[in-house]
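Remarks on the structure that follows.
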Amino acid sequence: MSNEKFEKGLVIRKQVLGEDYVNQSINNADDFNLPLQELVTEYCWGAVWGREELSKPERSLINLAMISALNRPHELKLHVKGALRNGVPKDKIREVLLQVAIYCGVPAAVDSFRIAKEAIQEYQEEQH
């Protein structure tokens with residue numbers, strides 16, 4: 001697939017999630033899940049993340065809250081690392097997760113803190 005929104009989305013997706021992760025996701029796609037990869041890249045990353053009204057760090061913080069509320073641990077770990085790549089400091093990630101505790105419940109926050117801590121450690125190891 002090649003169109004302007006897809007190409008823009010591919011660039012942004014690689015910037016936020018890391019080139020290796022995105023390449024692996026797309027290269028491992030088959031006829032069953034390739035349409036999902038195309039949809040996510042074009043619409044999530046190109047059409048929405050590509051808008052200028054919110055910065056990448058702002059979008060990352062919003063994502064962390066929503067993904068925590070939805071209890072999606074794999075996506076949370078991925079997006080914690082993305083937030084760090086976008087320049088979001090650990091203390092802001094912590095504050096979002098504290099907000100999750102109040103509005104989504106302590107169990108959601110406990111899981112989210114555990115996953116975020118793992119992601120932060122992995123991200124720091126990857127940077128060295």
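Quick caveat: nothing in here was measured; it's all calculated off a predicted structure.
Contact annotation: the side chain of Q15 approaches that of K56 to within less than 4.5 Å [non-hydrogen atoms, C-beta and beyond]. Counting only heavy atoms from C-beta outward, the side chains of V88 and L84 never approach each other to under 4.5 Å. Using a 4.5 Å heavy-atom threshold, the side chains of I62 and L54 count as touching. I120 is listed as a side-chain neighbour of K90, based on a closest heavy-atom distance under 4.5 Å. Side-chain atoms of F113 and I93, non-hydrogen and from C-beta on, never get closer than 4.5 Å to each other. The side-chain heavy atoms of I115 and V80, taken from C-beta on, include no pair separated by under 4.5 Å. Side-chain contact check for P73 versus D111: every heavy-atom pair is 4.5 Å or farther apart. Between Y43 and V48, the closest side-chain pair of non-hydrogen atoms is not below 4.5 Å.
A donor-acceptor contact shorter than 3.5 Å links the side chain of D30 to the backbone of F32. At distances below 3.5 Å, not a single donor-acceptor pair connects side-chain atoms of N33 with backbone N or O atoms of L36. Side chain of E58 to backbone of S55: a donor-acceptor contact under 3.5 angstrom is found.
The two atoms that bring C104 and A108 nearest to each other are O-CB, 4.1 Å, heavy atoms only. Considering every non-hydrogen atom in both L64 and A83, the closest pair reads CD1-CB, 4.1 Å.
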**Request:** Step by step, work out the salt bridge (Lys or Arg N to Asp or Glu O under 4.0 Å) result for E122 and K77.
**Result:** CA-CA 10 Å; E122 289 175 14; K77 184 179 263 191; 2.9 Å; yes
**Prompt:** Passes side chain to side chain contact (heavy atoms under 4.5 Å, CB included), S60 versus W49? Steps please.
**Reply:** CA-CA 10 Å; S60 283; W49 273 78; 3.7 Å; yes
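Donor-acceptor pairing under 3.5 Å is recorded for the side chains of R13 and Q37. Side-chain contact annotation: T41 with E38, donor-acceptor N/O pair under 3.5 Å absent.
Salt-bridge formation is detected for the pair K81/E126: a Lys NZ or Arg NE/NH1/NH2 atom is positioned less than 4.0 Å from an Asp or Glu carboxylate oxygen. Using a 4.0 Å cut-off between charged side-chain N and carboxylate O, K8 and E4 make no salt bridge.
If you chain together hydrophobic residues whose side chains sit under 4.5 Å apart, L70 and V96 never meet in one group. Neither V22 nor V11 shares a network with the other; the hydrophobic side chains, linked directly or stepwise wherever heavy atoms of I, L, V, M, F, W or Y lie under 4.5 Å apart, form separate groups for each. Under a hydrophobic clustering in which Ile, Leu, Val, Met, Phe, Trp and Tyr are joined whenever their side-chain heavy atoms come within less than 4.5 Å, directly or via other members, V40 and I67 fall into different clusters. Criterion: ILVMFWY side-chain heavy atoms under 4.5 Å apart, direct or through other members. Under it, L97 and Y123 are part of a common hydrophobic cluster.
Distance CZ/R94 to CG/L98: 7.0 Å, rounded to 0.5 Å. For the atom pair CG (D20) and NZ (K14), the distance works out to 10.0 Å, reported to the nearest 0.5 Å. The CG atom of L17 lies 11.0 Å from the CD1 atom of I12; values are rounded to the nearest 0.5 Å. Going from atom CZ of R59 over to atom SG of C44 covers 9.5 Å, rounded to the nearest 0.5 Å. Note: E95 CD to K92 NZ = 8.5 Å, rounded to the nearest 0.5 Å. To the nearest 0.5 Å, atom CG of residue N86 and atom CG of residue L61 are 9.0 Å apart.
Few gaps surround CD on E53; more than 12 heavy atoms of other groups in view lie less than 6.0 Å from it.
Aromatic ring orientation, W45 versus H79: parallel (interplanar angle below 30°, classes split at 30° and 60°).
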